[in-house]
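Below is one structure; the comments refer to it alone.
Computed from a prediction, not measured in an experiment: that's the story for all the values here.
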Amino acid sequence: QLQLMESGGGLVQSGGSLRLSCSASGFMMDYYTIGWFRQAPGKEREGVSCISSSGGSTNYSDSVKGRFTISRDNTWNTVSLQMNSLKPEDTAVYYCAAYYGDSGCSRPYDFWGQGTQVTVSS
């Protein structure tokens, strides 16, 4: 069974940092673009960042650019999202997702994780 699992969420004060991880089971991430998304209560899901299968191309939303860094380790079959200078408006459930290939961040994703809660207190 092909699955993604997020970890690393939690409660942090404004200005703090968290590192989210996305791990895969049942498949190797090597040929997959991985995206991070988030959904806050009452809001639509939004794309946060994505990384190409090789790791050579990354993309960030304007709201997190300069604060978040996406990276991947294909040896360990994981993708990480380092989140620094967190703000209360970053509070959301964060999801990772994957699709086979490299067609940018906006195409439909095939697999989704269950999500991990990130709460930033002011």
Side-chain angles (χ1 to χ4, degrees):
Q1 190 174 2
L2 308 181
Q3 289 185 325
L4 293 172
M5 180 174 292
E6 304 90 345
S7 62
L11 173 64
V12 64
Q13 288 187 333
S14 181
S17 298
L18 283 173
R19 187 177 181 87
L20 304 184
S21 292
C22 175
S23 60
S25 62
F27 70 103
M28 297 302 295
M29 285 182 161
D30 302 49
Y31 301 106
Y32 289 77
T33 291
I34 306 297
W36 281 98
F37 298 79
R38 67 186 182 186
Q39 188 166 20
K43 295 187 177 181
E44 292 188 355
R45 185 176 63 200
E46 64 169 328
V48 173
S49 181
C50 80
I51 188 166
S52 63
S53 60
S54 67
S57 177
T58 60
N59 189 275
Y60 300 92
S61 67
D62 288 342
S63 61
V64 306
K65 199 172 294 182
R67 300 187 298 122
F68 291 11
T69 303
I70 191 170
S71 61
R72 67 188 301 153
D73 186 337
N74 287 343
T75 301
W76 292 101
N77 219 25
T78 60
V79 170
S80 298
L81 185 69
Q82 178 66 42
M83 306 187 298
N84 298 328
S85 302
L86 283 162
K87 305 174 182 179
E89 51 263 44
D90 294 318
T91 296
V93 178
Y94 284 71
Y95 301 89
C96 64
Y99 74 83
Y100 186 88
D102 284 307
S103 299
C105 298
S106 301
R107 64 142 284 174
Y109 286 73
D110 299 316
F111 309 109
W112 290 81
Q114 294 296 309
T116 186
Q117 176 70 46
V118 171
T119 303
V120 184
S121 64
S122 57

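Of all non-hydrogen atoms in Met28 and Asn74, the two that sit nearest each other are CE-O, 4.1 Å. In terms of heavy atoms, Cys96 sits closest to Glu6 at N-OE2, 2.9 Å. For Pro88 against Ser14, the heavy-atom pair with the smallest separation is CD-OG, 3.8 Å. A pairwise comparison of heavy atoms in Thr33 and Ser52 identifies OG1-CA, 4.0 Å as the closest pair. Between Leu81 and Ser49, the closest heavy-atom pair is CD1-CB, 4.2 Å.
In this structure, the separation between CE on Met5 and OG on Ser21 is 12.0 Å, given to the nearest 0.5 Å. Rounded to the nearest 0.5 Å, atoms CZ (Arg72) and SG (Cys22) are 9.5 Å apart. The structure places NZ of Lys87 at 8.0 Å from OG of Ser63, a figure rounded to the nearest 0.5 Å. Between Arg38 atom CZ and Thr116 atom OG1 the span is 14.0 Å, to the nearest 0.5 Å. With rounding to the nearest 0.5 Å, the separation of CD in Gln3 from OG in Ser23 is 9.5 Å. Here Trp36 contributes atom CH2 and Met83 contributes atom CE; the two are 8.0 Å apart, rounded to the nearest 0.5 Å.
With hydrogens and angles left out, the side-chain atoms of Gln82 and Ser80 include no donor and acceptor closer than 3.5 Å. With hydrogens and angles left out, the side-chain atoms of Thr78 and Asp73 include no donor and acceptor closer than 3.5 Å.
Residues passing the salt bridge (charged side-chain N to carboxylate O under 4.0 Å, His left out) test with Asp30: none are found, sequence neighbours excluded.
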| field | Stepwise side chain to side chain contact (heavy atoms under 4.5 Å, CB included) check, Val118 with Leu20 | value | CA-CA 9 Å; Val118 171; Leu20 304 184; 4.0 Å; yes

| request: Carefully, step by step, assess Arg67 and Ser17 under the rule side chain to side chain contact (heavy atoms under 4.5 Å, CB included). | output: CA-CA 9 Å; Arg67 300 187 298 122; Ser17 298; over 6 Å; no

| task | Please step through side chain to side chain contact (heavy atoms under 4.5 Å, CB included) for the pair Leu18 and Leu86, ending with a clear verdict. | result | CA-CA 8 Å; Leu18 283 173; Leu86 283 162; 4.2 Å; yes

| message | ring pair (Phe, Tyr, Trp, His ring centres under 6.0 Å) for Phe27 and Tyr32? Distances and angles first, verdict last. | response | CA-CA 10 Å; Phe27 70 103; Tyr32 289 77; 4.7 Å; yes

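With contacts defined as side-chain heavy-atom distances shorter than 4.5 Å, the pair Ser57/Ile51 does not qualify. The side-chain heavy atoms of Gln13 and Val120, taken from C-beta on, include no pair separated by under 4.5 Å. Side-chain contact between Leu11 and Gln117 is absent, with no heavy atoms from C-beta onward closer than 4.5 Å.
With hydrophobic clusters built from ILVMFWY side chains whose heavy atoms lie under 4.5 angstrom apart, Ile70 shares a cluster with Tyr31. Note on Met29: it does not cluster hydrophobically with Trp76, by side-chain heavy-atom contacts below 4.5 Å among ILVMFWY residues.
Enclosure of atom CD in Gln114 is not indicated, since only 12 or fewer non-hydrogen atoms of other residues, nucleotides or ligands lie within 6.0 angstrom.
Side-chain N or O atoms of Tyr94 include none that pairs as donor or acceptor with a backbone N or O of Gly8 at under 3.5 Å. In terms of modelled atom types and a separation under 3.5 Å, the side chain of Arg107 and the main chain of Asp102 share no donor-acceptor contact.
Residue Phe68 is tested with Thr58, Asp90, Asn84 for a side-chain contact (heavy atoms from CB on, under 4.5 Å); the sole match is Asp90.
Under a 4.5 Å side-chain heavy-atom cut-off, the cluster of Ile, Leu, Val, Met, Phe, Trp and Tyr residues that includes Tyr99 is completed by Phe37, Val93, Tyr95, Tyr109, Trp112.
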